[in-house]
Every structure is written in C-alpha cells, then in structure tokens.
Amino acid sequence: MASLLSSSFTLTSSKVDHLSSLSKKQYFLHSFLPKKANQPNSKSFLKVKCAAVGNGLFTQTTQEVRRIVPENKNGLPTVKIVYVVLEAQYQSSLTAAVQSLNESKRYASYELVGYLVEELRDESNYKSFCKDLEDANIFIGSLIFVEELALKVKAAVEKERDRLDAVLVFPSMPEVMRLNKLGSFSMSQLGQSKSPFFQLFKKKKQSAGFADSMLKLVRTLPKVLKYLPSDKAQDARLYILSLQFWLGGSPDNLGNFLKMISGSYIPALKGLKIEYKDPVLYLDTGVWHPLAPCMYDDVKEYLNWYGTRKDVSEKVKGPNAPIIGLVLQRSHIVTGDDSHYAAVIMELEAKGAKVIPIFAGGLDFSGPVEKYFVDPVTKKTFVNSVISLTGFALVGGPARQDHPKAIEALMKLDVPYIVAVPLVFQTTEEWLNSTLGLHPIQVALQVALPELDGGMEPIVFAGKAHALHKRVEQLCTRAIKWAELTKKTKEEKRIAITVFSFPPDKGNVGTAAYLNVFASIFSVLKDLKEDGYNVEGLPETSEALIEEVIHDKEAQFSSPNLNVAYKMGVREYHKLTPYATMLEENWGKAPGNLNSDGENLLVYGKQYGNVFIGVQPTFGYEGDPMRLLFSKSASPHHGFAAYYSFVEKIFKADAVLHFGTHGSLEFMPGKQVGMSDACYPDSLIGNIPNVYYYAANNPSEATIAKRRSYANTISYLTPPAENAGLYKGLKQLSELISSYQSLKDSGRGPQIVSSIISTAKQCNLDKDVDLPDEGTELSVKDRDSVVGKVYSKIMEIESRLLPCGLHIIGEPPTAMEAVATLVNIAALDRPEDEITSFPSILAQTVGREIEDIYRGSDKGVLKDVELLKQITEATRGAISKFVERTTNNKGQVVDVADKLSSILGFGINEPWIDYLSSTKFYRADREKLRKLFEFLGECLKLIVADNELGSLKQALEGKFVEPGPGGDPIRNPKVLPTGKNIHALDPQAIPTTAAMQSARIVVERLVERQKIDNGGKYPETVALVLWGTDNIKTYGESLGQVLWMIGVRPIADTLGRVNRVEPVSLEELGRPRIDVVVNCSGVFRDLFINQMNLLDRAVKMVAELDEPVEMNFVRKHALEQAESLGVGVREAATRIFSNASGSYSSNINLAVENSTWNDEKQLQDMYLSRKSFAFDCDAPGAGMTEKRQVFEMALSTAEATFQNLDSSEISLTDVSHYFDSDPTNLVQNLRKDGKKPSAYIADTTTANAQVRTLSETVRLDARTKLLNPKWYEGMMSTGYEGVREIEKRLTNTVGWSATSGQVDNWVYEEANTTFIQDEEMMNRLMNKNPNSFRKMVQTFLEANGRGYWETSADNIEKLRQLYSEVEDKIEGIDR
C-alpha cells in the first residue's frame, strides 16, 4: 500500500500568500496531502512554483525530473532518447527500464529525458526540448492531440528528423504521425496512401473504433510481415512490434523495446546482435483488482475469486452490497502507475461496496462495458452505478469520439455514469492554488466530451500518481448514494424538493424560468404518489400547496415569514456543518440575521410524508449596496449552509430535486471546474445525489450546475410560442392599411393615409417610422412609402414569437399549440439536411428570392411587405392544415407515424397542397415540400412527446438519463423531446463555418447601420457581450462576430477543432479593422475559456500587424494606450474581460431588483469593479486578473455598444442579464467628449436577421409582451406565478432606463393605464399575488422618483394610496 502514499510536495512560505484565504486554513490543505509523505531527501523531490507566479502557465513542472544521465559510460556508445507524452504514466516505467539497461553495462549506455506535452507551452522548456533533440538518437511521441503543441513538436522534430536514427510516434494527430521514421518505413504519406494501415488514419465517422482496429492489426501484422523478405516489410514489422511493446508499458516491455530499436537502427550498435524478448502481451480488455492474482477475461471467474477473499467483510461479499463498476485505462495498470485506482477500489470496499474494475487497451470502452457489466444470459446489469476513472469520453478518448455508440452502451447498462478526473496537466498543488481549477484543455477533453455521453460529477480524484484522499472519499460516497437509489424501495426513499425565491420576497417563492413551479411540483408529487412514494398529506390542489408552503400557519396574521419546517440551534449547526467557521469572515458569527430568528437558523418549507419541499435561501447580499460593489462574490451565509445541512443530515434525503432554472447553489464561490473541498458548491451539496429540472433552452447554466454542483440535469420544455398578434390601436392600423390597399386608387386614398398617420402617432410609432405631419400633401409614391413603412412595422410586431403562459411538467403542448413552433422551424433553410425553408419555396414559386423580399420589406417597399405577409399567411395556413390532419378531436396528436404514412402515401392530395391550391402559390415545388413536411412531421412527434416525469422517475430509481443537447428547439430540433440530461457542446468545435457566415452578415449590417448614424464614418470601437447559451445555440455566432470585426478567421485542425486564427487581408475585408471590448458573462468564461484564449490571441495578433493605423483601429488604440500606460503593445491590447473566477454578473441586476441603489454612478462602479478582470493568452494559468485601467481606457473609445438576441423565448426585458451587462451609460461617462454611444441589438431569432437600435428593441418588446393582452392574459391564467412574471418585466424595463436611458416615457404611461388605471385588472393582480403587486406599484413609484417616467400628479397620488392599501392587505389588517 506504500504506493498509495507516494509523491510528496511541500508548500514554500511564499506560496501560502498566494493561496486563497480559504486554503490558508490548515483544516483544508492537509486533507489533500497523502497521509505519510516521503521525506524531502528523496531524489525526485522538487519544489513547484505556484500557478499565479512562475511563468503564468498552468504548470511549472519541467523535464528535469525525467532526465537520466549515466554516470560512468565504461567506454560504451551513448544512446540518447527524448520522449513527449500526454500523461505521466510512462515516466516510472521508462525510467526503470533505462536504469536496468544501464546497470547491465552491456552494448550501450542510455541517456533519457521526457516532456509532458503541456510543458512545451513554456518557452524555456521548449528551447531545452529543441536543444535535447540536437544530439538525440531516438525520438518517441504518444497521444499528442493538442493542436498548438502538436505543431511545436512537429516543428522541432522535423528539423532533426533526417539526422535522428529513429522517430517513433504512437497514436497522435496526423501532423505528428507523419514524422515516423524507422529505416525505410515512414508515414509521410499518411492519409493519402491506399494501404490498410494508412486507411486507419483516414477521417471517418466511426473513427472512435480507430484505436481498436489498430489493435487488431497490431496483433496480426507482425506474424504476416515476418515472412516478407523486403527491408520495407521488416521495418514496418518493427514499428508494429514497437507499438505492442509501448502498449504493454511494463519496464520489461519498454526495456526490450529500447534494445530492439537501438540494435536495429543505431549505427554504432548495428554489428552487435542485441538480443531482445518478444513483447509480453496483456489482455486487451479484462477485469483487474490490485489484490487479485491475475487479470480476468471473464467476470464470473473474477466474482468467484472475490467470494474467496478473506480481507473484506461478509457484508461486502453479500448479495445486498451495492456493486460499483469502475472503468480504467490499461496503460496505467501495465506501467504500474495505478495507486490512484487502488485507492478508489479500497475506499469503495471500506464503505461496504463490491467493486468490478474493468480496463481496456484501446480507446473504445463500449464493448468492455457491455461484456463485463451486463449478464450475457439475462441481459441484467451486474452493477448499480459506474465510475469512469479514465476521464475520457467512453468511445474515442482524446481523439475522435462516437457519442451515439457510447450512449447506446450506457442505455443498455441503465445505471448512473460518473466520470471522475485525474489531474493530467497540473500538479496537485497547482490545481489547489488555481482559481480556474482544472486546466482548460483538460476541461474540453475530460469534462465537456464525457458530458456528451451522459457523464456526470467531474470530481478531481487524483493528482499525478497519487490519490487525493478527501476527493476520493467524496467520489466514492456519491457513487454509493446513487447506487443505493436502485436498492431502496420507493416507499422508503426520501426526496427534498428545493424551490428558489428571487428576489427574496413572499411573492417570489418558486421562481423558475418559464415554469409554473407549484403546479409542476403538484403534478410531479401526484405522479410519485401513484407510483408508490410516500407523499402523505398532499393537499388537493396546487393553490392549497402554495398556501401551505408560503404561510406560517402558527402566526396570528399573515406573517412575512414562510412556513418554518425546522429550527436549528447554533451548536447543532456547527456540529453538522464543518465549514461553518469559514463563513464568519463574510457574515460574522452564526446565526446572523438571514434565515434566523436571532437564536436559531430557520429552514423554510413543508414536509409531506417522505417528501420535503424547501425554499433555498438567497445569496444574502442582494439587499446590501456596499457588498454588491465587491469585485468578488461573498461566501454563502449561515442560513444557506444550514439549509443544506438540514437536507442531508436531519431530513436525510436520498436525493435532492432542484426545481427549475435556476438557484444560487451552483453560482457560489469556488473554482470554475474541478472543485476542491474548499469550494462552496462542493461543501454544500455534500453527498446528496442532485437531480435538477432545467429549461431546455439554457444549456450553459445547466452545464455550470452539472460541473459545480454535480447535478443530473433534466430538461423541460419552454411554453409553446405564439405570434404576438395585434391589439387596440395597432389592430385599427392594420384594418386601415387593408382598406388603403383596396381603395388607394380611388379619391379616398389621401384621406385614409392621413388617418393612418394620426393612428400611428397615437400608437407611438413615430419613434420607429419617419411620419410626415398630418395634412401634408403627399404624392402617390410618397403615400405608398409611408404606408409601406408603417405596414412593415406592424407585421414585425404581429409575427413576433412569444412563449404564452408557463410550462407545467408532465403537460406537453397540444398539437395546435405546436403550430407556431413548426412555422418557425419551417422558416429556416437546413442545407446540411437538404431542406429548403417554406418561405423560400413559396418565394421561388412567384419568381423571387426570399432574401430580396426580406430586404424590400425591411425598407418598407409596399408590394414586398404585402408579398411577405401573403407568404407568412400561406405558411401558417398550410402547416395548420397538416397538423389538423394528424390530430384527434381532443386536439392531441395521435399516432403520427401512421397518419403521416397515409398523408405521405399516394393518390390523395397532401393537406398542404390542398391549402396552397387556393393561393397564388399553387405551383410550389412538390418534391421540396414533401421533403420539408417529412421533417416537420418528425419535429411534431418530438414537440408533443413527454418524458419529463419519466426521466425524473428514472433518475430517482438510479437509472441512466439519456443525454441530449440543450438549446433552441427551433434552430436545433434535436433538443426535443425534453426530459434529457442536458449537455452543452464540445467547446473546441465553435465557431462553425455556418456560424461564421451568419456572423459576417450581422457585422456588415451593424457597421452599415452605425455609418448611417455616424455621418458615414466607421465605428472605431464596439463594446459587446458574449453569452454562454447564445454561443451554444448558434454554434458560436457572436464569437464569430468578434473575430470578423477585428478581421481574422478561425482555422480548424485535422480533427475539426478550432484553436487557431489567421488575419484576413485588408483587401478582402474591405474596411478598417474595428477595435472591440469584449465582456464575457461568467458562464461563458466557465464554458469557453479556450475561446477566450483564442480571442485574446487574435486581438493581440491584430494589434501587432504592421498596418496603417487608420485601417487598424485595434493597433491605433493599443499604441495610444501603451504610451499613456507605459506598457508594451501586447499588454495594452487587452480586450477580453469577465468577472473574477468563481464570480458571476455585475450585480446591477440584484441592485435593480431589490431597489438598493442610490444613483447610476453606483451601478457603473459595480460594473467596473466586477467586470474588469482580463484573460491573458500569454499567461493562461494565471486565471482572471484585474486590469481596471485598461478596461476603462478601452471602453472610453467605444462608439457603439452591442448585444445579440438569439431565440424567441428570451428577449431584453424577460431576464435581468441583458441590462446587467449593458455598458451604454457607463461608456458615455468614460468618453472624453461625453457623447452617448449608439446602442444596437442584433436579432437573429428569425431567418430575417435584423440589427435594431436598443430603443427600437425595447419598444418592440414592450408592445409584444408587457402591453400585449395576449401575453399578459396568458400569464394571468397561471395565477400566482403569472403576476410575478408581469412585475418582473416592469422591473427589467426600469433596469434598461438605469443602464442605458433608452426607454420611452409612453412605455411606463401605457403600462400604468393597463395595470393600474383599469380597476378590474388591478384587483385581479392584487388578489392573485399581493406581494408581487406591491412590488409592481413600488416599481412605478421608483421609475417616477428616479426621473425615468414623467406623469400627472394624480397618477402618483393614486399609486401612493394603492401602496398603503396593499401593505395593509399583506399585513393582514383586513384579511
């Protein structure tokens, strides 16, 4: 067992200063250190510099720990070997092999030096690598899959390749594989040759099997090649034998390998017949246990041996022990670098679990998983949960993955699948000290890719060659907890449902995006009750459920408190919460004043049988303006910690179900990815399996929940979208326009136009359309132009998509509710599936291109506006007809497949053809339409499918939840059906070529628009925001926009990953390069740190181009800033900013929602203090560093601010994130001339992408949502939650006034008329949710008080009176 405790490291005194204040507490640090570290006199002892110091990279280790220089050479020739590998497992084996060769003192003396790929980022290491190659004889490389480093290896080895005696590269990127050279054997033609060996390296879809087919070849080829006479065949045979030796990784195998290669290829040793043994072959796949006498090829034999063990308790061998399957990499076992594997096995057995550890030599584990974990006869699974300790995707490892194949294997297993992570590129100490946590490339390969298979819980369990004991304990306990869910009966399972309350107020309990939380909980609990769970005392209706949770029944009046489920004394709290003292730095001694009555900590909620519904406390600092200014986020408060201690240790939950998007647990301070025990999300969630209902359209925040709070995320549908439609004056306008079209040539034309102008002004459309004064004489052409522009605006409002109402889990949309979604799915071309969009097919029928019609309609050309309207109506009509034919009289979709085959059968006219036959589009292309409707039929099936409840029940029974992408169902119907374990995408796959094309269009429109508003000049700087979710949904469009503004294009490597950019020439660009200030959301920073690196490299590259400054604004500003700051151009060109690691948002949203701010300057200070952390590609390991001065200087040159809207469900006033990140007023204050920058919003929610000003977008939003009866009545129909949704839109509108000043007075005036002046409406709001209604009245008064809304004194008086009435009602004075 000594191997478990090897590998020491110590902290130098300077180091401790760099540890976060948390890790300073000895309490945490010692928990990571192996219990009995070696004494510092051991040879391998090496002090490691901290990540924040040193070279600013992720690792400070160097090759010197892997260098062997023979002491006395005994006159023997020297053979020098240089190797480069991804992971360190070969280090000890190779070292042992070379030491034993040198001890034998025969033939030659061997010198050896090894590099880990990651170390080559450091310039001095790279120089020493090149120097080592100058006198090397043999170069060996393996698993080199990181492009920028692969290119460095290639450049260095290429220089020396002809001189080297042998170059051996085992599976790596093709560029490096082409370096291979053994005598006459080479791979320089790799990828072009016809031989079966080279075919392996060809890019093919199922290439995850690549390593497996290679292994088969490795087995058979040497036997065949042995008998071929030519030298070429012998050299190829030796290459294959080398690969066998290498994969067999033991010191003996590697020693024989070195003998074979040096005897055959080193000129000085050619005459000597150096003898070597054939490779010792290990099983390719099998079952391994550190205490077993051998590896097993049959799981039954292994279990028989297990039953005879004397060293484990009978309980572990008994039938009731949970059985955990482990997936291991063979290379660690054969090279003897397996102590971290042994530690996990021992820990699991100590906790009472039986373990089946399997391994594979290739990169495809799907076969072994089925072979060893599933009973071949009964097809039942042997295991209750599976942990992969490889850290790689199940199929394909670091190279090319095959996720569908992996998912198929895991679905057969049907147990929770955890993918834990060993540190590959950092030492333990470097990881502990890093605020980022795991290295970005490791996050991409070993966290993001396994998530696509359905992997969860990326817990860092091992450093290099040693286990991290506290982390191993966390991993094993959690795996056993998941396994126990399969063992326990439903009746005895205890479930804690957690709801959120943002901002903290009784009117806000149960907040979640697009979800009717209490109705959903009610529907889930009814279902669980029928299924056999103990839900005793569940009320009859969801309204009654709300009452019981939010009212304290013991209080005389309706108290401000929620129902108290448990009072936790301070002593008990300290006993249950080991990290409680850590919170005192921010919150003082427990109990504090949040979630407490002064003596005890209060847990709010209500218990029904074995189900507890609890209210998660909030961050706690939203009400404190001083705290909101801190640049880093505070720790959770005592009440927050007490809540989770209660759930885990007093209520003893078997699983916690977080209900809806989203809470605060996963946004608590800690590392970005790869938590340590000092990270709050890890401490809070403890050992409880976490199931989390998350909106399907928010994959980015769902991914944060997966990585930071170990959630099994289950997607739910956003409410079905409908068109906004028209109401009041807008409807009247539309009728006037219709009559103008039929009567425009009669004498009534001018009269109707003047009515149109006056009605448009009443509807406040004069802000969006240039309207002539009433009574002006207009020519026929001018009249058409005015009507066309108003018509175009009205069409834009009418066709805007809105989610109506709120979704209820387990209630899929009816078929007719799906029509608007299908219409929007049909509006996009899908070239990859050869599907033409419906509008495009119809436009071609009348001899036009749809793009031209969109352009004409945007300009207000009357005939184009009319044609677009006809196309839109025909699309809706035909799709409605199609849906009607597939539904029954209850409006449900009946067996779509049968109905479709009869519709798509022969002889009958298809419903869409029927419909179009009576329009001007009767000659539409039937073949294209049929292809489109087959696709729409598939989509319809997915939209109405329902698996949200089913997946929850699978998760609670310890089964595997099928993974699926999150995103916008309209762009990517694969998001459906919901009820999948949401994942994001491979971060190295964006931006895609298609995203770059869309990005170019938007950038060109933005620049055109800004030139019109800016006297024909190009904008010099644009300040913009990058969001995580948007870039997942659009595959990196907004990322592409930044690249195109500065004039660079992304270059993909041979595996299709984007890690490089090159400048586009100024001739091709056709305009100056525009400077950017990029503010990345905290979520984008967590998910796409590789892309931040890419952007920073791109900007710095552009700043250093030798170009005239009037054509390169990045360079122009960087030179000016470099001079005034006294720094180099590279540092001055810092443009990629975000929050400090582990912090999210600028907090402006919290200040606005809680009305805790004094003036706009205070909001701007929050933005500057929290958002001024820069990423530096020259020191990526340093994480986010504060660079406020550069940030302010860069922002002060901005002439435009810019954000993207990418899907119909989320618009500017739906969430607070958009105004939270808006720097419009801030830039005005920073600019020397005090000029307000133009503010633009790109809207790519429809096929017709638009760039509008911020104020146009805010008006469009108000007209289609807040002031639209269709929207607010849809909300009112959901009751309590709906009132809150209306109030939230109003509060967010005030947020826009505060950050940009772009909200018109009439928006507030109309809202007041709609919700306050209308007595009946006002009473409905007050009765359904008095707390939210009070907040609404308060928001109106605040808008007036802050000068955003001017109105009559009567209106204000009425609001004040109302406020005190609602107060009385809530206090229960007249209840």
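Note that the numbering runs from 1 along the sequence shown for the chain. The shown structure was predicted, so the numbers you read here are calculated from the model rather than taken from an experiment.
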Minimum side-chain heavy-atom gap Trp1157-Arg1346 below 4.5 Å: yes

Quick one: are Val564 and Val603 in side-chain contact, heavy atoms under 4.5 Å? no

Roughly how far, to the nearest 0.5 Å, is the CD1 atom of Ile613 from the CG atom of Asn563? 10.5 Å

Salt-bridge present (Arg471, Asp677; N to O < 4.0 Å): yes

Rounded to the nearest 0.5 Å, how far apart are CG of Leu1290 and CD of Gln1338? 11.0 Å

Centroid separation under 6.0 Å, is that true for the rings of Phe612 and Phe646? yes

Would you say that more than 12 heavy atoms from the other residues, nucleotides or ligands in this model lie under 6.0 Å from the CD of Glu492, or not? yes

Take Leu528 and Leu956 through the side chain to side chain contact (heavy atoms under 4.5 Å, CB included) test and state the conclusion after the steps. CA-CA 10 Å; Leu528 290 180; Leu956 293 178; 4.3 Å; yes

For Ala705 and Tyr694, which heavy atoms make the closest approach, and how far apart are they? CB-CE1, 4.1 Å

Measuring from Phe659:CZ to Thr498:OG1, what's the distance to the nearest 0.5 Å? 11.0 Å

Are Gln672 and Ser1141 linked by a side-chain donor-acceptor pair shorter than 3.5 Å? yes

We want to know whether Lys493 and Asn534 form a side-chain donor-acceptor pair, criterion being a heavy-atom distance below 3.5 angstrom. no

Could you grab the distance from atom CZ of Phe651 to atom OH of Tyr643, nearest 0.5 Å is fine? 9.5 Å

Classify the ring geometry of His638 against Tyr573: parallel below 30°, tilted from 30° to 60°, perpendicular beyond 60°. perpendicular

Is a side-chain N or O of Asp1220 found less than 3.5 angstrom from the main chain of Ser1146, in a donor-acceptor match? yes

Short question: side chain of Gln607, backbone of Gly609 - any donor-acceptor pair under 3.5 Å? yes

Less than 4.0 Å between a side-chain N and a carboxylate O, is that true for Asp1086 and Arg707? no

Does some side-chain heavy atom of Tyr1167 sit less than 4.5 Å from a side-chain heavy atom of Asp1165? no

Please step through side chain to side chain contact (heavy atoms under 4.5 Å, CB included) for the pair Arg1284 and Lys1328, ending with a clear verdict. CA-CA 10 Å; Arg1284 176 177 66 227; Lys1328 288 190 183 218; over 6 Å; no

Ignoring hydrogens and geometry beyond distance, is a side-chain donor-acceptor pair present between Gln474 and Asp682 at under 3.5 Å? yes

Has the side chain of Glu648 got a donor or acceptor atom that lies under 3.5 Å from a matching backbone atom of Asn687? yes

What closest approach, in Å, do Lys1171 and Ser1081 show between heavy atoms, and which atom pair accounts for it? NZ-CA, 4.0 Å

Which pair of non-hydrogen atoms, one from Gly674 and one from Val460, has the smallest distance, and what is that distance? CA-CG2, 3.7 Å

Would you please test Thr1278 and Asn516 for side-chain hydrogen bond (donor to acceptor under 3.5 Å, both in side chains) and show each step? CA-CA 7 Å; Thr1278 62; Asn516 188 332; 4.7 Å; no

How close do Ala653 and Ile688 get, heavy atom to heavy atom, and via which atoms? O-CG2, 3.9 Å

Compute whether any side-chain donor of one residue and acceptor of the other, for Tyr1280 and Glu543, lie under 3.5 angstrom apart. no

Note, Trp1027 side chain near Val1083 side chain (heavy atom, < 4.5 Å): no

So that I can tick it off, tell me whether Lys953 and Asp527 are bridged by a salt bridge, with the cut-off set at under 4.0 angstrom between side-chain N and carboxylate O. yes

Any side-chain heavy-atom pair of Phe640 and Leu583 under 4.5 Å: no

Pair Asn1292, Ser1216: side-chain N/O donor-acceptor within cut-off below 3.5 Å: no

Given 3.5 Å as the limit, does a donor-acceptor pair link the side chain of His574 with the main chain of Gly569, or not? no

Leu576 CG to Arg571 CZ distance, which is reported to the nearest 0.5 Å: 12.5 Å

Flag the pair Glu1285 and Lys1288 as a salt bridge only when some basic side-chain nitrogen lies within less than 4.0 angstrom of an acidic carboxylate oxygen. yes

Could you pull out the closest heavy-atom pair between Ala955 and Asn712, with the gap in Å? CB-ND2, 4.1 Å

Take Leu538 and Phe522 through the side chain to side chain contact (heavy atoms under 4.5 Å, CB included) test and state the conclusion after the steps. CA-CA 8 Å; Leu538 182 67; Phe522 188 67; 4.2 Å; yes

Does Asn1147 reach the main-chain N or O of Leu1150 with its side chain, forming a donor-acceptor pair under 3.5 Å? no

Do the non-hydrogen side-chain atoms of Met668 and Pro681 ever get within less than 4.5 Å of each other? yes

Testing the basics here: between Pro539 and Ala544, what is the closest heavy-atom pair and its distance to 0.1 Å? CB-CB, 3.7 Å

Would you check, one step at a time, whether the test side-chain hydrogen bond (donor to acceptor under 3.5 Å, both in side chains) holds for Glu701 with Asn698? CA-CA 6 Å; Glu701 292 180 321; Asn698 194 343; 2.7 Å; yes

Nearest 0.5 Å, what's the OG-CD1 distance between Ser709 and Ile685? 6.0 Å

Below 4.0 angstrom, N of the basic side chain to O of the carboxylate: do Lys589 and Glu584 qualify? yes

Polar side-chain atom of Ser715 near backbone of Ala696 as donor-acceptor pair, under 3.5 Å: no

Under a 3.5 Å threshold, yes or no: a donor from one side chain and an acceptor from the other, between Glu1287 and Thr1291? yes

Go through the steps to decide whether Lys488 and Asp654 satisfy the test salt bridge (Lys or Arg N to Asp or Glu O under 4.0 Å), and finish with yes or no. CA-CA 9 Å; Lys488 285 196 171 178; Asp654 292 301; 2.7 Å; yes

So, does Glu666 use its side chain to make a donor-acceptor pair with the main chain of Lys706 at under 3.5 Å? no

Charged tip of Arg1085 within 45° of Tyr1144 ring normal and under 6.0 Å: yes

Can a side-chain donor-acceptor contact be found between Tyr693 and His658 if the only test is distance below 3.5 angstrom? no

Between Thr1293 and Thr1213, a side-chain donor and acceptor under 3.5 Å: no

Side chain to side chain contact (heavy atoms under 4.5 Å, CB included) between Ser676 and Lys671: does it pass, once the steps are laid out? CA-CA 8 Å; Ser676 71; Lys671 299 186 186 309; 4.0 Å; yes

pair Lys1335-Ser1155: side-chain heavy atoms closer than 4.5 Å: yes

Can you check whether Tyr579's main-chain N or O pairs, donor with acceptor, with Thr577's side chain at less than 3.5 Å? no

More than 12 non-hydrogen atoms from neighbouring residues, nucleotides or ligands closer than 6.0 Å to NZ on Lys529, yes or no? yes

With side chains defined as the heavy atoms from C-beta onward, is the minimum distance between Asn610 and Arg494 less than 4.5 Å? yes

Check: Asn1331 side chain, Arg1334 main-chain N or O, donor-acceptor pair, under 3.5 Å: no

May I ask you to decide if Glu599's main-chain N or O and Asp597's side chain share a donor-acceptor pair within less than 3.5 Å? yes

Will you find, in the side chains of Tyr566 and Glu572, an N or O donor that is under 3.5 Å from an N or O acceptor? yes

